[in-house]
Number of protein chains: 2
Amino acid sequence: MKVLTKKTDYAIRALLMLAAKKGSYISTKAISAEQDMPYQFLRGVLQEMIRHGLITSKEGVQGGFMLEKDPDEISVKQIIEIFQGEVQVSECMFRKQICINRSRCVLRHEIMRIEQVVSGEFQKITIGGLLRKLTAANSAKPALNESDKSSSETT
Amino acid sequence: MKVLTKKTDYAIRALLMLAAKKGSYISTKAISAEQDMPYQFLRGVLQEMIRHGLITSKEGVQGGFMLEKDPDEISVKQIIEIFQGEVQVSECMFRKQICINRSRCVLRHEIMRIEQVVSGEFQKITIGGLLRKLTAANSAKPALNESDKSSSETT
DNA sequence: TTAATTGATATCAATTTAGTATCAGTTTTA
DNA sequence: TAAAACTGATACTAAATTGATATCAATTAA
Ligand code: FES
Ligand code: FES
């Protein structure tokens, strides 16, 4: 059971880069190269995020994308919802004869409770929070933006 | 983001029926008709559950499937793992330059924590527990097995 | 003017999910 | 003993989703 798709994955990583260099434009090419994501695919992901107001763009030479919202206001939940739709365990898992009265369906309650929990966990995680943890862990080293080849471990 | 696939869905519902009539054999045909699931597809699901020791079968006339394990010992997590693989948020979301030292990757910690939470929630839910809630909600009415057409609401 | 960029789409390939079909073997029962 | 009701095992197909690529027009800095 895979929870996050590539789009969500790439989106989060791109946002982390943009958050690390908040205020300046970064091109798709730069992000794609740095994070090793397929260029055209990433472009689609970035454009989708514009439509949802997370980032803005500037065309032409020296153009690129810039973070629009406060990193602490961007949750992983939001990103999942953009690229994978709302968190739902099962549309209506037991829609047939099992539940005599659907409006009082207990299984539904159970399912919705999990949805709340899962959803809540993803909401807790923000781009801002992730970035702080990242930079803290990477100490004084330049995070995300510099193509740091000095690191010993990669995979 | 859909969490449960049809296989998992059907498996849970089939197990609920088997648990409700524990000790006797129920045919695929009966389950399929009662729960409105595609016959051949359901057969595959049931056979898979035999392989995982959740149920047993009897061939021939009057044959069918019977619950093998204690309903309280069968968690939704187990069922998900059978049909959708282990719960994993992302294989290794930030496997490239982001993490300077993979073994100390903080994002990974975050991800694994969610995996624990999600996984834990699904583990809490058992077939036995669900069945009790179901029968309690459906009061004295016959649950799951009788094709109860007296119910007013269906969808 | 040219090169570097995004906007907007269209298309394609790969993978996963959902569903169907078939034939052989087993067991009850008429 | 033969037919009917079953499961075992597999092969196959269809649909949906996911992942990736390609193209062309418009914009902007140098
Ligand atoms: S009626 Fe949909 S979950 Fe019970
Ligand atoms: S190195 Fe894989 S999540 Fe950080």
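Every chain is numbered from 1, with letters handed out A, B, ... down the list of sequences. Worth saying up front: this structure is predicted, and the values here are computed from it rather than measured. Note that these values count all heavy atoms, side chains included, but never hydrogens, waters or copies made by symmetry.
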Steps toward salt bridge (charged side-chain N to carboxylate O under 4.0 Å, His left out) verdict (Lys22(B), Asp70(B)): CA-CA 9 Å; Lys22(B) 197 164 190 270; Asp70(B) 178 351; over 6 Å; no

Before you tell me yes or no, could you show the steps for Glu121(A) and Lys77(A) under salt bridge (charged side-chain N to carboxylate O under 4.0 Å, His left out), namely the whole-Å CA-CA distance, both residues' side-chain angles and the distance that decides it to 0.1 Å? CA-CA 8 Å; Glu121(A) 286 301 315; Lys77(A) 186 195 169 196; over 6 Å; no

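Of the residues Lys6(B), Lys7(B), Arg13(B), the one that meets the salt bridge (charged side-chain N to carboxylate O under 4.0 Å, His left out) test with Asp9(B) is Arg13(B). Considering His52(B), Gln123(B), Lys69(B) as possible partners of Gln78(B), the one that fulfils the side-chain hydrogen bond (donor to acceptor under 3.5 Å, both in side chains) test is Lys69(B).
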Using a 4.0 Å cut-off on protein heavy atoms (strictly under), produce a 5'-to-3' string for nucleotides 10-15 of chain C with B for base contact, S for backbone-only sugar-phosphate contact, and - for none. ------

Along nucleotides 7-21 of chain D, 5' to 3', which nucleotides get a B, which get an S, and which get a -, given that the test is a protein heavy-atom distance under 4.0 Å? BBB---------BBB

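Taken over five-pair windows at either terminus, the axes of the helix from dT1(C)-dA30(D) to dA30(C)-dT1(D) are inclined to one another by 0° (rounded to 10 degrees).
Thr126(B) contributes no side-chain N or O that, together with a main-chain N or O of Ile74(B), makes up a donor-acceptor pair within less than 3.5 Å. A donor-acceptor contact shorter than 3.5 Å links the side chain of Ser32(B) to the backbone of Met37(B). With hydrogens and angles ignored, the 3.5 Å screen pairs no side-chain donor or acceptor of Gln84(A) with any backbone N or O of Leu4(A).
In this structure, the ring pair (Phe, Tyr, Trp, His ring centres under 6.0 Å) partners of Phe41(A), at least two apart in sequence or on a different chain, are Tyr10(A). Remark: Tyr25(A) engages no residue in a ring pair (Phe, Tyr, Trp, His ring centres under 6.0 Å) (not counting sequence neighbours).
Between the CD1 atom of Ile31(B) and the P atom of dC6(D) there is a distance of 12 Å, given to the nearest Å.
Residue Val61(B) shares its hydrophobic cluster (ILVMFWY side chains chained together at separations under 4.5 Å) with no other residue.
Regarding contacts with the backbone of dT29(C), a side-chain N or O of Gln62(B) is found under 4.0 angstrom from either OP1 or OP2.
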